[in-house]
Amino acid sequence: MDCLARARSEFQRRRPPARSQFGAVLRPDQRPVVTFTVIGLCVVLYGLQLLSSAVTEALWYAPLQTSPWFFEPWRMLTSALVHSPANAMHLLFNMFALWFIGRAIEPALGRLRYIALLTLSALGGSVAVLFLTPAMTPTLGASGAVFGLFGALFILMRATGSQTGGILTLITINVVISFVIPGISWQGHFGGLVVGALCALVISKAPSRSSGDRLADARRRGRWQGLGLLGIAVVLVLLTALGMSLVNPYA
């Protein structure tokens with residue numbers, strides 16, 4: 001019996017781990033650590049914003065802040081972590097959406113792909129703001145990243161053959177709200193939605209080949225996914241460089 005138990009243990013140790021359709025290692029106790037970390041960071045920063053307006057002003061983003069006059073490009077990402085201090089619903093809605101969708105997407109993609117999705121979606125939202133918003137208009141909030149999750153979830157559900165009517169309705173409602181309610185950056189929502197969908201296409205459509213070695217196949221597909229996501233990042237950086245030259249502080 002001891003020999004049988006040792007043999008079974010050795011087999012379990014050597015056997016490649018089960019993976020999701022998108023390459024993430026599946027674990028029964030896997031928790032959405034990235035999602036909870038981002039939520040916690042946003043909540044802490046919101047508390048600091050209530051204590052001092054300087055926190056908000058140091059982290060928000062306006063197109064002028066990626067221009068030859070005022071070059072602080074990191075704000076394109078930090079702006080996704082702060083919310084309107086005068087509107088708690090801004091924070092609550094974004095955090096609820098992040099919690100609701102992030103718990104489903106993060107385990108399916110794995111933490112690294114999920115971090116890339118959130119980061120690129122937030123950056124995509126800021127790039128759209130750079131091109132479509134007046135130079136001195138500040139924007140803030142995780143909505144770009146959240147809309148990126150909306151777009152990604154739609155693509156990933158299509159890739160698995162799931163019904164997409166519910167998420168399509170959710171996206172439509174939020175797009176309408178973006179234009180109907182004053183003070184909402186539809187530009188950031190649009191940019192995040194497009195980039196999130198593109199990231200999900202890269203992840204779901206990356207070429208895979210069945211060679212009999214599941215671990216090698218997973219690594220090969222992971223490399224293709226990484227190259228695709230890197231390509232999206234390069235395009236966003238190039239678009240940022242182009243947008244910088246077009247910023248007009250007097251417009």
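Expressed to the nearest 0.5 Å, how far CD of E57 lies from OG of S52 amounts to 8.0 Å. The structure places CD1 of I167 at 11.5 Å from OG of S162, a figure rounded to the nearest 0.5 Å. To the nearest 0.5 Å, the span separating OG on S178 from CD on Q187 amounts to 9.5 Å. The line from CG of L246 to OG of S67 is 11.5 Å long, rounded to the nearest 0.5 Å. For the atom pair I232 CD1 and S121 OG, the distance stands at 9.0 Å (nearest 0.5 Å). Here the OG1-CD distance, from T66 to E72, works out to 10.0 Å after rounding to the nearest 0.5 Å.
With hydrogens and angles ignored, the 3.5 Å screen pairs a side-chain donor or acceptor of E106 with a backbone N or O of V34. Side-chain atoms of T160 come within 3.5 Å of backbone N or O of M157 as a donor-acceptor pair. Side chain of R103 to main chain of P32: no donor-acceptor pair is present (N/O by atom type, distance under 3.5 Å, no hydrogens or angles).
There is a path of hydrophobic side-chain contacts, each under 4.5 Å, that joins L41 to L140. Linking Ile, Leu, Val, Met, Phe, Trp and Tyr residues whenever their side-chain heavy atoms come within less than 4.5 Å leaves L112 and L109 in two separate clusters. Under the 4.5 Å side-chain heavy-atom criterion for ILVMFWY residues, a single connected hydrophobic cluster contains both W99 and Y114. Linking Ile, Leu, Val, Met, Phe, Trp and Tyr residues whenever their side-chain heavy atoms come within less than 4.5 Å places F36 and F100 in a single cluster. Put simply, L132 and I181 are part of two different groups of oily side chains (I, L, V, M, F, W, Y) that touch within less than 4.5 Å, one to the next.
For CZ of F190, the number of neighbouring non-hydrogen atoms (other residues, nucleotides, ligands) closer than 6.0 Å is 12 at most. By the neighbour-count criterion of 12 heavy atoms within 6.0 Å, atom CH2 of W224 is sparsely surrounded, having that number or fewer from other residues, nucleotides or ligands. In this structure, I115 places its CD1 atom where more than 12 heavy-atom neighbours from other residues, nucleotides or ligands lie under 6.0 Å away.
Considering only heavy atoms from C-beta on, I105 comes within 4.5 Å of L153 through its side chain. Inter-residue side-chain proximity for L229 and C199 is flagged as met; some heavy-atom pair is nearer than 4.5 Å. Residues N94 and C42 fail the side-chain proximity criterion, which asks for heavy atoms closer than 4.5 Å. Counting heavy atoms from C-beta outward, L238 and L242 have side chains that stay 4.5 Å or more apart. Side-chain contact between L123 and V195 is absent, with no heavy atoms from C-beta onward closer than 4.5 Å. By the 4.5 Å heavy-atom criterion applied to side chains, L236 and L120 are counted as neighbours.
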>> Is there a side-chain contact (heavy atoms from CB on, under 4.5 Å) between S84 and M89? Walk through the geometry before answering.
In response: CA-CA 9 Å; S84 172; M89 289 303 299; over 6 Å; no

> Given H189 and F150, is the side-chain contact (heavy atoms from CB on, under 4.5 Å) satisfied, shown in steps?
Replying inline: CA-CA 10 Å; H189 292 181; F150 288 161; over 6 Å; no

>> As a quick check of understanding, evaluate side-chain contact (heavy atoms from CB on, under 4.5 Å) for L130 and T240, giving each step before the final call.
In response: CA-CA 8 Å; L130 171 61; T240 300; 4.2 Å; yes

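The shortest non-hydrogen separation linking A80 to A122 is CB-CB, 3.9 Å. Taking both residues in full, the closest heavy atoms of A104 and P107 are given as O-CD, 3.7 Å, listed atom of the first, atom of the second, then distance. Closest approach of S185 to V129, counting heavy atoms only: OG-CG2, 3.8 Å. Contact record, L98 with T35: O-CG2, 3.5 Å, taken as the closest heavy-atom pair. Taking each heavy atom of I155 and S204 in turn, the nearest pair found is CG2-OG, 4.0 Å. The two residues M76 and Y61 come nearest to each other via the heavy atoms CG-CE1, 3.6 Å.
Here the options are I101, L193, L156, the test is side-chain contact (heavy atoms from CB on, under 4.5 Å), and the partner is L149; only I101 passes.
Centroid-to-centroid, the aromatic rings of F96 and F93 stay 6.0 Å apart or farther. The ring of Y46 has its center no closer than 6.0 angstrom to the ring center of H83.
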